[in-house]
Amino acid sequence: TRSTRPQRMLKAVQKNATKGNPQSVISAIDYFCKNSEWAMNVGDEKGSILDSVVTEVNPSTVLELGTYCGYSTVRIARLLSPGTKLITLEFNPAYAAVARQIIAYAGLQDKVTLVEGSSGEWIPQIKERFGITTFDFIFLDHWKDQYLPDIKLFEECGLLRKGSVLLADNVICPGAPDYLEYVRNSPRYESRYYPAHLEYTKLEDGLEKSVFLG
Ligand SMILES: O=C(NC/C=C/[C@H]1O[C@@H](n2cnc3cncnc32)[C@H](O)[C@@H]1O)c1cc([N+](=O)[O-])cc(O)c1O
Ligand SMILES: [Mg+2]
């Protein structure tokens, strides 16, 4: 049967990247998406903004929602200080299987815990399962209509502390209007928009950074 786009993306990484070199994995995926097949990775332009926010926060506890093929997982994990691990949630087993291989190719498997399951099911279990009290940094890049219910779940589960940083992809395209309205109008968040473009296109998109005020 025909291969899937994630499988073809993995092949491109194995062909063009250097094992154990995260930057080469990132470049190989961006090259594949620019020259062969578009895919919904955060991409290099928004990825550089992601890098700068992760570097600024220098988080000890990190959560990503929506691993997909692991592109942003690799971008984040490569910047974490030694001993720091990130948890990434992905409920599609086929995507998770590709992501595991891409993360391993980058040599970052020891810095990543990939959990196969849905955010709604797993967020309430994180404290007890992973011994985490709160997250310093959360990257939201899963289904856009899940951003709002999941941020409310973070609040209910006590997973945010004063200064926790949430960074959301695609707040313009495809858009997460209810989430934007919430973080921009809630007195509990200080929110800022980083304008950019939809990955590998000229369409407008951007990231919203929201700091929990406690
Ligand atoms: O739709 C987009 N992203 C949705 C991403 C979804 C990914 O997160 C997983 N997921 C979903 N809910 C989940 C809950 N729990 C765990 N994984 C979950 C899905 O299995 C998929 O791997 C998107 C679309 C465009 N676009 O231009 O169309 C551009 C982008 O950058 C995008 O991120
Ligand atoms: Mg996205």
Side-chain angles (χ1 to χ4, degrees), residues 3-10 13 26 29-30 32-34 36-51 53-54 62-77 86-103 112-126 129-130 135 137-154 156-157 159 166-180 183 193-210:
S3 65
T4 66
R5 180 167 304 178
Q7 285 170 331
R8 293 191 293 274
M9 187 189 299
L10 171 60
V13 166
I26 292 163
I29 293 172
D30 286 331
F32 173 80
C33 292
K34 285 173 187 167
S36 303
E37 303 182 56
W38 185 92
M40 59 182 177
N41 314 119
V42 73
D44 51 350
E45 185 191 16
K46 289 186 289 176
S48 298
I49 299 167
L50 169 63
D51 290 357
V53 174
V54 171
V62 183
L63 176 67
E64 173 182 63
L65 302 180
T67 317
Y68 185 44
C69 295
Y71 174 89
S72 49
T73 321
V74 167
R75 287 202 81 111
I76 297 166
L86 78 83
I87 299 171
T88 183
L89 302 185
E90 173 53 58
F91 69 32
N92 180 313
Y95 293 163
V98 166
R100 287 187 201 286
Q101 293 174 82
I102 286 178
I103 292 159
V112 176
T113 301
L114 195 163
V115 176
E116 271 184 56
S118 81
S119 51
E121 168 202 328
W122 273 90
I123 288 169
Q125 300 183 54
I126 282 176
R129 293 264 190 139
F130 297 98
F135 282 109
F137 180 76
I138 298 173
F139 182 54
L140 297 93
D141 194 19
H142 57 330
W143 296 147
K144 309 315 160 192
D145 61 3
Q146 285 303 306
Y147 286 17
L148 183 57
D150 284 350
I151 191 171
K152 290 181 173 175
L153 202 48
F154 291 132
E156 286 157 30
C157 298
L159 283 164
L166 295 97
L167 190 65
D169 189 26
N170 312 114
V171 293
I172 303 299
C173 178
D178 56 348
Y179 173 83
L180 269 193
V183 290
Y193 175 63
Y194 291 78
H197 298 88
L198 180 70
E199 51 267 24
Y200 319 116
T201 78
K202 294 186 173 9
L203 297 170
E204 184 187 348
D205 188 24
L207 302 169
E208 187 82 0
K209 176 186 159 190
S210 307

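In each ligand, atom 1 is the first atom listed, and ligand 1 is the first ligand listed. Since this is a predicted model, take the numbers as computed values, not measurements. Just so it is clear, the values below take in all heavy atoms, side chains as well, and ignore hydrogens, waters and symmetry mates.
At a heavy-atom cutoff of 4.0 Å, ligand 1 is contacted by the side chain of Trp38 but not by its backbone.
A donor and an acceptor atom, one from each side chain of Gln146 and Ser119, are nowhere located under 3.5 Å apart.
Remark: ligand 1 atoms within the under-4.0 Å shell around heavy atoms of Asp169 are 31 (O). Each of the following atoms of ligand 1 lies closer than 4.0 Å to a heavy atom of Ser118: 15 (N), 16 (C).
Between the side chain of Arg5 and the main chain of Trp38, a donor-acceptor pair closer than 3.5 Å is present. Here the side chain of Asn170 pairs no donor or acceptor atom with the backbone of Gly175 at under 3.5 angstrom.
Qualifying ring-ring contact (aromatic ring centres under 6.0 Å, His included) partners for Phe32, counting only residues two or more places apart in sequence or in other chains: none. Checked against ring-ring contact (aromatic ring centres under 6.0 Å, His included), Tyr179 has the following partners two or more places apart in sequence or in another chain: Tyr147.
Protein heavy atom nearest atom 8 (O) of ligand 1, with residue, atom name and distance: Gly66 CA, 3.3 Å. With respect to atom 32 (C) of ligand 1, the closest heavy atom belonging to the protein is Asn170 OD1, 3.3 Å. Looking at atom 28 (O) of ligand 1, its nearest protein heavy atom turns out to be Pro174 CG, 3.7 Å. Nearest protein heavy-atom contact of atom 13 (C) of ligand 1 is Phe91 CE2, 3.4 Å. Ranking the protein heavy atoms by distance from atom 15 (N) of ligand 1 puts Ser119 N, 2.9 Å first. When only non-hydrogen protein atoms are considered, atom 10 (N) of ligand 1 lies nearest to His142 CB, 3.8 Å. Counting only heavy atoms of the protein, atom 19 (C) of ligand 1 lies nearest to Glu90 OE2, 3.4 Å.
Between Leu198, Asp205, Leu203, it is Leu198 that holds the heavy atom closest to atom 27 (O) of ligand 1. Nearest-heavy-atom check against atom 2 (C) of ligand 1 across Glu121, Glu116, Lys144 picks out Lys144.
Residue Asp141 approaches the Mg ion (ligand 2) most closely through its N/O/S atom OD1. When the Mg ion (ligand 2) is compared with the N/O/S atoms of Asp169, atom OD2 turns out nearest.
Using a cut-off of 2.8 Å, one finds that Asn170 contributes an N/O/S atom close to the Mg ion (ligand 2).
Residue Leu86 forms a side chain to side chain contact (heavy atoms under 4.5 Å, CB included) with just one option from Leu63, Val112, Thr113, Leu114, and that option is Val112.
From Met40, atom CE reaches atom OH of Tyr200 across 11.5 Å, with rounding to the nearest 0.5 Å.
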